[in-house]
K.L.:
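I'd like to ask you about the structure that follows.
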Amino acid sequence: MGTVTESLRRMGKLLITLYMGNLKFRIGFTILSILVILGFAVSPFSPTNTRSWYIVPRDRPPSYEYPLGTSSMGRDILWELCASIRNSLTIAFVTAMIASHIGLFLGFIAGIRGGVIDRILMFITDTFIIIPGLPLLMVVTTVLKRYLTIPTLGMLISIVSWPWPSRQVRSMVLSLRERTFIHTAKLSGMGTFRVIVQELMPYVLGWHLINFTNTILFSIGTESGLAILGLSILDDNTLGVMIYWALNWGYALFRGIWWWLAAPVATLVLVFISFYLVSIGMTEFMHPIARR
């Protein structure tokens, strides 16, 4: 318990140092925090069911009563947007948790063990790399459309998200495993797992955190693309689904209902900017040469 508490304390201090010491990270983290608050702290207090139709007056422009206006489906766009942020970030987090850690684990095993295990794992990895991700997801989501939920959609997107991290981790481990401290660790009797955790992980952790952030961006963009094609969870709220309904149901672009389309598009832009700035800030903090 004490070790966990100490680790959390160190992470907190590191986060504060990073937040105060890097302007890009500070801006990105602040924007991201606002989005997270809107999605997870504010959205549960919605006065109406954000998945129901025709519960407020239709096609109202932004006003005091409806800050972001209403849609042709009779939804309050502000509350629908908050729920969409929550679901989009949930999908992205599920994808990042699965894909980045599968890639990390397989890359470690392939790099440290080598030989037949390395060749088998890299053959599987390369097979997934050469398969076009979006067409594969289009087929899978079409077949499983009736079974899709927010978490399962994140799991499906992770299918095409793990191969490149696996390749990159393997490359780093192949370089690190030839260094003297790895040979010393093995000669001292340390097993593969301890070598990975105690000797290799400190060198890869910074890259892993940045890759985790980039995987979130990839997941949000992929889900939005699927939604615009009508292949996401259209009866729930995500940023991509909001764009889909604005384009295909309300014809917002042709009817001048700009606020319906502007809200999710602007939010997607903010999400990408925030995660990009967080990623760049972390890179500059962990690798000072990147500041030049």
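Here, residue 1 is the first one in the sequence, and each next residue gets the next number.
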K.L.:
If you define the side chain from C-beta out and look only at heavy atoms, does anything of Thr142 sit under 4.5 Å from Lys145?
P.N.:
no
K.L.:
Would you say the ring centers of Phe29 and Phe25 fall short of 6.0 Å from each other?
P.N.:
yes
K.L.:
side-chain contact (heavy atoms from CB on, under 4.5 Å) for Phe212 and Met97? Distances and angles first, verdict last.
P.N.:
CA-CA 8 Å; Phe212 187 91; Met97 284 295 294; 3.8 Å; yes
K.L.:
Among Leu136, Thr152, Leu226, Ile157, exactly one meets side-chain contact (heavy atoms from CB on, under 4.5 Å) together with Thr141. Which residue is that?
P.N.:
Leu226
K.L.:
Is Val42 reachable from Val56 through a run of I, L, V, M, F, W or Y residues, each pair having side-chain heavy atoms under 4.5 Å apart?
P.N.:
no
K.L.:
Check Arg86 against Ser43 and note the closest heavy-atom contact, atom names and distance.
P.N.:
NH1-OG, 2.9 Å
K.L.:
Is the count of non-hydrogen atoms from other residues, nucleotides or ligands lying under 6.0 Å from Phe45 atom CZ greater than 12?
P.N.:
no
K.L.:
Is the side chain of Thr267 donor-acceptor paired with the backbone N or O of Ala263 at a distance under 3.5 Å, no angle test?
P.N.:
yes
K.L.:
For the side chain of Thr70 and the backbone of Asp76, is there at least one donor-acceptor N/O pair under 3.5 Å apart?
P.N.:
no
K.L.:
Just verifying a value: how many Å separate Ile273 CD1 and Leu217 CG, rounded to the nearest 0.5 Å?
P.N.:
11.0 Å
K.L.:
What are the two closest non-hydrogen atoms of Ile85 and Gly39, and how far apart are they?
P.N.:
CG2-CA, 4.1 Å
K.L.:
Is there side-chain contact between Ile233 and Val241, with at least one heavy-atom pair below 4.5 Å?
P.N.:
no
K.L.:
Please check: side-chain N/O of Arg51 versus main-chain N/O of Asn237, any donor-acceptor pairing under 3.5 Å?
P.N.:
no
K.L.:
Is the shortest heavy-atom distance from the side chain of Ile280 to the side chain of Tyr276 under 4.5 Å?
P.N.:
yes
K.L.:
Are Ile129 and Phe123 linked, directly or through other ILVMFWY residues, by side chains that come within less than 4.5 angstrom of each other?
P.N.:
no
K.L.:
For Glu223 and Thr238, run side chain to side chain donor-acceptor pair (under 3.5 Å): C-alpha distance rounded to whole Å, both residues' side-chain angles, the deciding distance at 0.1 Å, then the answer.
P.N.:
CA-CA 9 Å; Glu223 189 281 327; Thr238 70; 2.9 Å; yes
K.L.:
Measure centre to centre between the rings of Trp53 and Trp245, then say whether the value is under 6.0 Å.
P.N.:
yes
K.L.:
Could you go step by step and tell me if Thr50 and Arg75 meet the side-chain contact (heavy atoms from CB on, under 4.5 Å) rule?
P.N.:
CA-CA 7 Å; Thr50 57; Arg75 292 177 174 178; over 6 Å; no
K.L.:
How long is the span from the OG atom in Ser72 to the CH2 atom in Trp249, to the nearest 0.5 Å?
P.N.:
9.0 Å
K.L.:
Going through the distances and angles, do Trp162 and Thr215 end up as a side-chain contact (heavy atoms from CB on, under 4.5 Å)?
P.N.:
CA-CA 9 Å; Trp162 65 267; Thr215 305; over 6 Å; no
K.L.:
Looking only at side chains, do Asn22 and Glu284 share a donor and an acceptor under 3.5 Å apart?
P.N.:
yes
K.L.:
Kindly compute the distance separating CG (Asn49) from CD (Glu80), expressed to the nearest 0.5 Å.
P.N.:
11.0 Å
K.L.:
Work out which heavy atom in Ala227 is nearest to a heavy atom in Tyr244; give both atom names and the distance.
P.N.:
O-CD1, 3.2 Å
K.L.:
What I'd like to find out is whether the side chain of Met138 reaches to under 4.5 Å of the side chain of Leu134, using heavy atoms alone.
P.N.:
yes
K.L.:
Quick check on Tyr66: does its OH atom have over 12 non-hydrogen neighbours (other residues, nucleotides or ligands) under 6.0 Å away?
P.N.:
yes
K.L.:
Take Val271 and Ile31 through the side-chain contact (heavy atoms from CB on, under 4.5 Å) test and state the conclusion after the steps.
P.N.:
CA-CA 8 Å; Val271 169; Ile31 297 173; over 6 Å; no
K.L.:
Quick one: does Ser171's side chain have a donor or acceptor within less than 3.5 Å of a partner on Arg167's backbone?
P.N.:
yes
K.L.:
Would you check if Phe105 and Val169 make a side-chain contact, meaning some heavy-atom pair closer than 4.5 Å?
P.N.:
no
K.L.:
May I ask you to decide if Arg60's main-chain N or O and Trp259's side chain share a donor-acceptor pair within less than 3.5 Å?
P.N.:
yes
K.L.:
Verify, without hydrogens or angle tests, whether Thr213 (side chain) and Leu209 (backbone) share a donor-acceptor contact under 3.5 angstrom.
P.N.:
yes
K.L.:
Cluster question for you: counting only ILVMFWY and a side-chain heavy-atom cut-off of under 4.5 Å, with indirect links fine, are Ile257 and Ile55 together?
P.N.:
no
K.L.:
Measure the shortest side-chain to side-chain distance between Val160 and Ile131 over non-hydrogen atoms and say whether it is less than 4.5 angstrom.
P.N.:
no
K.L.:
Could you pull out the closest heavy-atom pair between Ile220 and Ser88, with the gap in Å?
P.N.:
CG1-O, 4.1 Å
K.L.:
Is the backbone of Gly74 close enough, under 3.5 Å, to the side chain of Arg58 for a donor and an acceptor to pair up by distance?
P.N.:
no
K.L.:
Please find the pair of heavy atoms, one from Ser166 and one from Met122, that lie closest to each other, and give the distance.
P.N.:
OG-CE, 3.7 Å
K.L.:
So which heavy atom on Leu38 is nearest to which on Cys82, and how close?
P.N.:
O-CB, 3.5 Å
K.L.:
Taking the side chain as everything from C-beta on, heavy atoms only, tell me whether Met172 gets closer than 4.5 Å to Tyr203.
P.N.:
no
K.L.:
Any donor and acceptor pair, going by atom type alone, linking the side chain of Asp118 with main-chain N or O of Gly111 inside 3.5 Å?
P.N.:
no
K.L.:
Cluster question for you: counting only ILVMFWY and a side-chain heavy-atom cut-off of under 4.5 Å, with indirect links fine, are Leu174 and Val116 together?
P.N.:
no
K.L.:
Whether the side chain of Thr95 engages the backbone of Ser219 through a donor-acceptor N/O pair (distance < 3.5 Å, no angle test) should be reported.
P.N.:
no
K.L.:
Atom CG in Leu268, atom CG in Leu239: separation rounded to 0.5 Å?
P.N.:
4.5 Å
K.L.:
Should Phe108 and Phe181 be regarded as members of a common hydrophobic cluster, given that ILVMFWY residues are connected when their side-chain heavy atoms come within less than 4.5 Å of each other, either directly or indirectly?
P.N.:
yes
K.L.:
Side chains of Thr125 and Arg170: do they bring a donor and an acceptor to under 3.5 Å?
P.N.:
no
K.L.:
Between Arg179 and Leu176, is any pair of side-chain heavy atoms under 4.5 Å apart?
P.N.:
yes
K.L.:
Calculate, to the nearest 0.5 Å, the distance between atoms CG and OG1 belonging to Leu156 and Thr222 respectively.
P.N.:
12.0 Å
K.L.:
Answer yes or no: does atom CH2 of Trp164 have more than 12 heavy-atom neighbours from other residues, nucleotides or ligands under 6.0 Å?
P.N.:
no
